[in-house]
Amino acid sequence: MKTTTLLLLTFLLFTTIISCKTTKKKQRKYLTSFYQELKDSFPSAEVILLQDSIRVIFPDYVMFESGVAILKDTCFDKMLKLANLVNKYNSTNLLITGHTDNVGAELDNDKLSKDRAENVKTKLVENKVNEQRLFVWGRGARMPRENNDTEQGKAKNRRVEFV
């Protein structure tokens with residue numbers, strides 16, 4: 001009886017380990033495939049494959065005017081293309097992080113950055129992305145990508161990033 005129980009437990013443990021390895025390989029393949037499609041679809045974007053996620057930044061265009069949370073019309077095509085990819089890879093959740101330049105009070109920038117992320121989320125939902133898969137976070141001016149000493153730098157800091 002003990003031998004049978006021990007054999008059964010060993011078999012279950014072995015099966016679980018194999019199953020986990022298979023699942024991790026599938027997850028990695030899924031992530032790598034999504035990463036490659038993002039790179040191909042947005043050649044000027046910064047697309048970074050992290051351990052278990054992908055980070056996307058669109059540094060090639062200004063997404064928002066200063067002090068405004070409304071997404072510029074020039075971004076709509078890219079948001080549609082991103083929505084289509086997110087829908088294709090439907091096991092993916094998306095964290096949308098809003099940022100601002102350093103103009104204005106910290107509390108105002110925190111609210112503005114969150115509003116920017118919310119507006120991008122709304123645009124993705126309009127393009128048929130399930131709202132339950134989208135999360136927002138406002139970071140204010142705490143993480144600039146460019147120097148805030150120039151108008152061009154400030155413009156590039158008015159952005160959202162996707163993970």
Side-chain angles (χ1 to χ4, degrees), residues 19-20 22-146 148 152-163:
S19 176
C20 287
T22 302
T23 300
K24 285 192 184 265
K25 283 182 182 179
K26 285 181 182 178
Q27 289 172 343
R28 191 65 183 174
K29 184 177 179 181
Y30 175 92
L31 193 64
T32 303
S33 179
F34 190 21
Y35 165 79
Q36 194 57 56
E37 283 207 51
L38 285 165
K39 293 275 293 176
D40 293 344
S41 296
F42 302 105
S44 62
E46 186 177 323
V47 183
I48 304 164
L49 182 59
L50 305 169
Q51 197 166 25
D52 63 349
S53 60
I54 302 168
R55 183 174 173 201
V56 180
I57 304 168
F58 297 109
D60 60 327
Y61 64 99
V62 178
M63 299 179 80
F64 304 93
E65 295 295 335
S66 182
V68 177
I70 298 169
L71 189 64
K72 288 179 134 188
D73 293 349
T74 55
C75 301
F76 290 179
D77 286 344
K78 286 188 181 180
M79 292 302 103
L80 175 60
K81 191 184 290 188
L82 179 62
N84 288 336
L85 281 173
V86 170
N87 285 331
K88 178 178 178 180
Y89 290 88
N90 60 8
S91 295
T92 303
N93 291 329
L94 199 61
L95 173 62
I96 306 161
T97 307
H99 299 272
T100 66
D101 58 30
N102 65 348
V103 176
E106 185 176 338
L107 287 176
D108 293 337
N109 281 336
D110 287 346
K111 180 180 179 338
L112 179 59
S113 65
K114 184 167 188 216
D115 290 346
R116 286 177 173 167
E118 288 285 354
N119 285 340
V120 169
K121 175 183 174 179
T122 298
K123 181 54 70 180
L124 293 172
V125 169
E126 287 173 7
N127 289 306
K128 309 289 188 253
V129 176
N130 182 338
E131 187 173 4
Q132 303 300 314
R133 298 173 52 210
L134 304 174
F135 303 89
V136 298
W137 189 21
R139 297 289 293 147
R142 288 182 286 283
M143 298 181 71
R145 292 197 40 87
E146 299 287 331
N148 275 308
Q152 183 181 13
K154 288 178 185 180
K156 289 190 176 190
N157 289 328
R158 297 189 297 266
R159 70 192 189 285
V160 293
E161 297 180 8
F162 304 89
V163 177

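Quantities reported herein were computed from a predicted structural model and do not represent experimental measurements.
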**Message:** Looking at every heavy atom in both Met63 and Cys75, which two are closest together, and how far apart are they?
**Reply:** CA-SG, 3.7 Å
**Request:** Could you tell me whether the side chain of Leu112 reaches within less than 4.5 Å of the side chain of Phe64, counting heavy atoms only?
**Result:** no
**Message:** I'd like to know if the side chain of Arg116 and the backbone of His99 have a donor-acceptor N/O pair within less than 3.5 Å.
**Reply:** yes
**Asked** What are the two closest heavy atoms between Asn109 and Gly104, and how far apart are they?
**Response** ND2-O, 3.6 Å
**Message:** Counting neighbours of CD1 on Ile48 that are heavy atoms of other residues, nucleotides or ligands and sit closer than 6.0 Å, is the number greater than 12?
**Reply:** yes
**Message:** Is it true that, when you exclude Asp77 itself, more than 12 heavy atoms of the residues, nucleotides or ligands shown sit nearer than 6.0 Å to its CG?
**Reply:** no
**Asked** Can you name the closest pair of heavy atoms from Arg133 and Asn87 and give their distance?
**Response** NH1-OD1, 3.8 Å
**Request:** Go through the steps to decide whether Lys88 and Glu37 satisfy the test salt bridge (Lys or Arg N to Asp or Glu O under 4.0 Å), and finish with yes or no.
**Result:** CA-CA 10 Å; Lys88 178 178 178 180; Glu37 283 207 51; 2.5 Å; yes
**Asked** Cation-pi between Lys78 and Phe42: NZ/CZ under 6.0 Å from ring centre and within 45° of the ring axis?
**Response** no
**Request:** Can you establish whether the number of heavy atoms outside Glu126 located under 6.0 Å from its atom CD is more than 12?
**Result:** yes
**Item:** Residue Lys128 excluded, over 12 heavy atoms near NZ under 6.0 Å
**Value:** no
**Request:** In sequence, state the C-alpha distance, the side-chain angles, and the governing distance for Arg142 and Glu106, and then conclude on salt bridge (Lys or Arg N to Asp or Glu O under 4.0 Å).
**Result:** CA-CA 9 Å; Arg142 288 182 286 283; Glu106 185 176 338; 3.6 Å; yes
**Message:** Counting only heavy atoms from other residues, nucleotides and ligands, does the tally under 6.0 Å from NZ of Lys121 exceed 12?
**Reply:** yes
**Message:** I'd like to know if the side chain of Asn102 and the backbone of Ala141 have a donor-acceptor N/O pair within less than 3.5 Å.
**Reply:** no
**Prompt:** Of all heavy-atom pairs between Lys39 and Val47, which one has the smallest distance, and what is that distance?
**Reply:** CD-CB, 3.5 Å
**Request:** State, yes or no, whether a side-chain contact exists between Ile96 and Leu124 at a heavy-atom distance under 4.5 Å.
**Result:** yes
**Request:** Determine whether more than 12 heavy atoms belonging to other residues, nucleotides or ligands lie under 6.0 Å from atom CG of Leu50.
**Result:** yes
**Message:** Can you give me the closest heavy-atom contact between Lys114 and Val136, atom names plus distance?
**Reply:** CE-CG2, 4.1 Å
**Complete:** In terms of heavy-atom contacts, Tyr30 and Thr92 come closest through OH-OG1, 2.8 Å
